[in-house]
Chemist: 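Have a look at this one.
Protein chains get the first letters and strands the later ones, always in sequence-line order, with residue 1 at the start of each.
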Amino acid sequence: MNNQNNLNKQQREAVLEIESPVLIFAGAGSGKTRVLTQKIVHLIESNIYPAHKILSVTFTNKAATEMKTRVKSMLPEMNDSSLSIGTFHSIAARILRFEAQYLGYERSFTIYDTEDGKKLIKDIVKEMDLNASMYNARNILSIISSNKNNFVSPDELREKSKNPYETKMADIYEKYQERLINNNAMDFDELLLQPLYLFRDFPERLEFYRQRYQYILVDEYQDTNKPQFEFVKYLAGDHQRITVVGDDDQSIYGWRGADITNILEFEKTFPDANIIKLEQNYRSTKHILKAAHSVVKHNTKRSPKELWTDNNDGSLITLKQSEDERGEAKFIVSRIQRSYKSDNKKFGDFAILYRTNAQSRAIEEKLIHGTIPYSIVGGLKFFERKEIKDVLAYLRLIANVKDNISFERVVNFPTRGLGMTTIRKLSIRAGQLNQSLLEAMETTETLEIRPAQKEVMKKFKVLIDDLKSQSDSKPAVEICRSLIKEISLEAHYLNQNSEDEADRWNNVEELIRGIELFCDENPEAKLSDYLENVSLQTDLDRWNDAKDSITLMTVHSAKGLEFPVVFITGLEERLFPLRVNDEQDLDEERRLFYVAMTRAKEKVYLTHAQFRRRYGGDAPSYMMRSEFIDHIPSEILDEIKLPANKKISTGNYPDLEFWQANSYRGQKNKLAGDKQIEGEGDFKVNQIVDHKMWGRGKVLSIEGMGEKAKITVLFSGDIRKKLIAKYAGLKLLSS
DNA sequence: AAGCGAATACTTTTT
DNA sequence: GTATTCGCTT
């Protein structure tokens with residue numbers, strides 16, 4: 001029997017209370033994962049709730065895996081497949097595979113990611129003959145998503161609309177939903193909504209799942225959105241056997257629909273709830289907690305509380321100002337090298353956190369230069385790489401013949417001579433027959449296309465049909481291997497004699513190894529099981545903390561993790577905090593900073609730069625240091641300032657005025673000294689010009705005459721560009 | 001139909 | 001710096 005002696009009073013109370021609902025406010029580092037795992041163990045050992053009747057929901061697959069491992073280590077004799085632990089999305093997907101037929105779907109449905117959704121929108125916008133720049137796919141998708149998350153249907157949106165634009169938006173939304181069903185596909189939001197329709201319309205299915213999940217635990221409760229709360233309510237609203245853990249100070253997913261009122265609603269839905277607060281922190285030093293609290297306490301809507309710890313004061317928070325992002329990176333690398341040599345630290349002890357993925361580049365460069373091993377989470381994710389998505393699209397099409405998005409992706413990859421015109425004809429046929437594109441290929445013979453195209457089309461159809469017929473009996477990895485052989489993918493990448501293409505092939509090989517691993521671990525799994533697994537996997541899930549390397553990731557990704565030493569970078573206005581529209585946004589940025597700080601056990605470095613390049617080689621912007629820094633008491637800060645000769649002054653930065661004019665704070669007073677001359681005019685060598693994208697530059701050479709002239713311009717940051725006078729839209733500035 | 005060069009837009013954060 | 005799109009050439 002495991003006992004709870006290693007728990008404090010509140011933790012023990014949270015574990016032992018299993019009769020009435022429990023709402024745990026668990027501050028950062030207060031041992032909530034330990035409470036949740038101990039509670040699961042306790043539920044099983046109390047013999048009231050067998051393992052297979054417990055549902056535990058976490059925020060990431062990684063957290064789920066960790067929890068499973070921990071429970072298993074405490075209950076070695078337990079059958080490991082009996083516990084239901086997973087994210088909302090993966091649990092919903094599992095349910096929907098079984099219940100698809102109730103909902104107008106087939107169990108082989110595909111899960112669409114954001115890119116697939118965007119493509120769907122683009123197709124719709126094109127078909128409706130709307131202006132693609134006005135109806136931006138990304139925007140539309142996020143509008144649709146927030147409507148879905150607020151249970152607003154296309155019809156309701158149309159009724160609410162105040163102008164033609166919004167009406168059109170509702171039309172696109174409606175078509176988008178139709179397409180999802182026609183393609184037998186669900187996006188991430190639909191995955192959460194469909195179980196609610198099932199529970200609402202089929203009471204006997206609801207009853208089944210209520211019996212199935214007799215005790216429910218929810219982690220990171222502050223990040224749940226409305227559909228997720230409804231899901232919990234359906235399952236636990238009746239029996240009231242539920243424990244949720246959350247921390248309002250760590251709510252950082254408001255932009256994704258996370259709804260902090262879910263905490264208030266909890267007490268309404270579960271009126272007898274016990275509220276337990278875990279306020280002792282076991283992770284960080286006193287200084288770290290103080291700095292974290294000094295920022296988050298400025299939030300307006302916040303239940304007042306302060307974590308405390310028995311740990312030492314620890315070292316001061318180091319605050320470093322750098323010239324630019326390269327200097328910042330250099331400082332970080334030198335500190336890690338120093339600490340690695342003298343403090344007996346491993347590389348795995350360090351994490352470098354930033355607000356946006358784009359910031360990783362400069363740091364990576366310096367790490368490569370210093371030959372320090374690092375692993376990066378996020379950014380261009382493995383499963384978002386083109387070559388990976390191409391292979392997966394084939395597999396998705398094999399699993400689900402209605403998936404037109406995947407069809408379009410692979411029908412001419414590798415190129416086999418099926419272009420737009422041919423596919424358009426096929427598409428019209430599919431529309432007439434009310435079939436998917438692949439299904440309509442059955443009628444290739446009667447299409448008005450050239451014989452060569454007919455031949456290729458038939459071959460393609462046979463290829464997919466053939467692999468499909470094997471997909472139920474053979475493991476996914478074999479299907480994948482046959483596919484790659486059939487389409488000669490290896491030759492396609494390796495015959496081009498290009499390093500990039502060879503890299504792509506390496507990635508495909510890594511994908512195959514991944515599929516193989518999955519098949520070994522899940523011998524019963526079919527192709528669609530593998531596909532579901534990949535669709536819901538995040539980059540974080542692939543991150544391996546056993547490897548001894550520095551971790552680079554966004555603050556969002558870092559939630560739930562801990563490291564001895566943490567660098568929080570880019571602490572500048574308009575970066576961290578990022579663009580802020582209202583007080584609510586700023587509150588969330590403060591919580592984000594709080595999350596970043598509380599990842600650290602021993603030491604925090606805060607860094608900011610005077611100048612930062614926003615895009616590739618753009619002129620650097622002048623950056624103000626973050627207001628968060630000013631909220632930290634100076635007595636716990638150890639500030640390393642820039643040497644006086646590196647401080648900004650017009651002497652060191654001849655273009656300072658220009659940069660300031662281009663930065664946010666200086667936007668109001670555009671540079672007055674330069675006279676702007678409209679039109680093409682006469683370009684001369686050494687002429688100073690202004691470009692919309694690259695800013696101010698100097699003309700190096702001119703080829704040709706008039707509007708067709710090719711002009712080579714040197715822009716700030718050693719960027720050379722060859723531009724055509726007619727299109728470049730260059731403005732002449734007096735030199 | 002496909003491949004190239006050039007211009008454009010884009011970056012929050014993620015299941 | 002990357003993804004994407006467009007126009008032009010073959």
Chemist: Let me have the donor-acceptor pairs involving side chains of residues 415-423 of chain A, under 3.5 Å, with sequence neighbours excluded, atom names and distances please.
Modeler:
unit_1 : atom_1 : unit_2 : atom_2 : d
A:R416 : NH1    : A:Y394 : OH     : 3.3
A:R416 : NH1    : A:V410 : O      : 3.0
A:R416 : NH1    : A:V411 : O      : 2.8
A:R416 : NH2    : A:Y394 : OH     : 2.8

Chemist: Planes under 30° and centres closer than 5.5 Å, is that true for A:W255 with the base of B:dT13?
Modeler: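 Stacking is present between B:dT13 and A:W255, given that their ring centres fall under 5.5 Å apart and the planes under 30°.
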Chemist: What is the distance, rounded to the nearest whole Å, between atom NZ of A:K126 and atom P of C:dT4?
Modeler: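 It is 13 Å, rounded to the nearest whole Å.
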Chemist: In whole Å, what is the span from the CE atom of A:M420 to the C1' atom of C:dC6?
Modeler: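 In whole Å, C:dC6 C1' and A:M420 CE are 12 Å from each other.
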Chemist: Using a cut-off of 4.0 Å on non-hydrogen atoms, how would the nucleic acid contact of A:F88 be classed: base, sugar-phosphate, or nothing?
Modeler: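 Since no nucleic acid heavy atom lies under 4.0 Å of A:F88, the category is nothing.
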Chemist: Under a 4.0 Å N-O cut-off, is there an ion pair linking A:K301 with A:D587?
Modeler: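 No, A:K301 and A:D587 are not salt-bridged.
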Chemist: When the distance from CD of A:E220 to C1' of B:dT14 is rounded to whole Å, what number comes out?
Modeler: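 One finds 13 Å between C1' of B:dT14 and CD of A:E220, rounded.
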Chemist: Can you tell me which residue pairs pass the salt bridge (Lys or Arg N to Asp or Glu O under 4.0 Å) test with a partner in residues 620-629 of chain A, sequence neighbours excluded?
Modeler: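 Residue pairs with at least one partner in residues 620-629 of chain A: A:R625-A:D630, A:R625-A:E639.
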Chemist: Distance check needed: B:dT11 P versus A:K118 NZ, whole Å only.
Modeler: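 After rounding, the reported distance stands at 7 Å.
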Chemist: Could you say whether A:E589 or A:Q537 is positioned toward the 5' end of DNA chain B, judged by the nucleotide with the nearest heavy atom to each?
Modeler: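 Its nucleotide being nearer the 5' end, the pick is A:E589.
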Chemist: Quickly work out the A:K122 NZ to C:dT4 C1' distance and round it to whole Å.
Modeler: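 Going from A:K122 (NZ) to C:dT4 (C1'), I get 7 Å.
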Chemist: Look at the side-chain N and O atoms of A:T422 and state whether any lies under 4.0 Å from the OP1 or OP2 oxygen of B:dA1.
Modeler: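 A:T422 to B:dA1 OP1/OP2: side-chain N or O found under 4.0 Å.
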Chemist: Just call it for A:T421: base, sugar-phosphate, or nothing, with non-hydrogen atoms closer than 4.0 Å on any strand.
Modeler: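 Sugar-phosphate, backbone atoms only, no base.
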Chemist: For B:dT13 and C:dT4, measure between their P atoms and round to the nearest Å.
Modeler: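 One P to the other, the span is 16 Å.
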Chemist: Figure out the CG/P separation between A:D116 and B:dT15, and round it to whole Å.
Modeler: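 Result: 16 Å.
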Chemist: Rounded to whole angstrom units, what separation is found between the CG atom of A:D541 and the C1' atom of B:dT14?
Modeler: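 Taking CG of A:D541 and C1' of B:dT14, I get 11 Å after rounding.
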Chemist: In whole Å, what is the span from the CG atom of A:D123 to the P atom of C:dT4?
Modeler: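 Those two atoms, CG and P, are 14 Å apart.
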Chemist: Can you tell me if A:N225 touches the phosphate of B:dT15, counting only side-chain N or O atoms and a distance under 4.0 Å to OP1 or OP2?
Modeler: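 It does not, given that no N or O in the side chain of A:N225 lies less than 4.0 Å from OP1 or OP2 of B:dT15.
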Chemist: Any carboxylate oxygen within less than 4.0 angstrom of a Lys/Arg side-chain nitrogen, looking at A:R302 and A:D248?
Modeler: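 Looking at A:D248 together with A:R302, the answer is no, because their closest N to O distance does not fall below 4.0 Å.
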Chemist: Hey, does A:L536 reach any base, or is it just sugar-phosphate, or nothing, if we go heavy atoms under 4.0 Å?
Modeler: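 Counting heavy atoms under 4.0 Å across all strands, no contact is made by A:L536.
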Chemist: Counting only side-chain nitrogens and oxygens, does A:T554 get under 4.0 Å of the OP1 or OP2 atom of B:dT14?
Modeler: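 A:T554 to B:dT14 OP1/OP2: side-chain N or O found under 4.0 Å.
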Chemist: Using a strict cut-off of less than 4.0 Å between a Lys/Arg side-chain nitrogen and an Asp/Glu carboxylate oxygen, indicate whether A:K148 and A:D187 qualify as a salt bridge.
Modeler: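 Here A:K148 pairs with A:D187 in a salt bridge, since their nearest N and O are under 4.0 Å apart.
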Chemist: Is the A:F188-A:F88 ring centre distance short of 6.0 angstrom?
Modeler: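 No, the ring centres sit 6.0 Å or more apart.
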Chemist: When you measure from every atom of DNA chain B, which of residues 353-365 of chain A have a heavy atom less than 4.0 Å away?
Modeler: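 Those residues are A:R355, A:T356, A:N357, A:A358.
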Chemist: Mapping A:N136 and A:E588 to their closest nucleotides on DNA chain B, which lands nearer the 5' end?
Modeler: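 Whichever sits nearer the 5' end wins; that is A:N136.
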Chemist: If you check every side-chain atom of A:N412, which of B:dA2, B:dT14, B:dT12 has the closest atom?
Modeler: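 Selected nucleotide (nearest to the side chain): B:dA2.
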Chemist: So, is A:S557 near the phosphate of B:dT14, with a side-chain N or O under 4.0 Å from OP1 or OP2?
Modeler: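 Yes, such a contact exists.
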Chemist: Does a side-chain N or O of A:R138 approach OP1 or OP2 of B:dT11 to a distance below 4.0 Å, or not?
Modeler: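 So the side chain of A:R138 is within the cut-off, an N or O lying under 4.0 Å from OP1 or OP2 of B:dT11.
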Chemist: So does A:K119 pair up with A:D123, basic N to acidic O under 4.0 Å?
Modeler: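 Salt bridge flag = no for A:D123 with A:K119.
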Chemist: So, for A:H492 and A:F413, is the gap between ring centers shorter than 6.0 Å?
Modeler: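 Yes; A:F413 has its ring centre under 6.0 Å from that of A:H492.
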Chemist: Between B:dT15, B:dT11, B:dA1, which nucleotide has the shortest distance from any of its atoms to the side chain of A:T114?
Modeler: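 Ranking B:dT15, B:dT11, B:dA1 by closest atom to the A:T114 side chain puts B:dT15 first.
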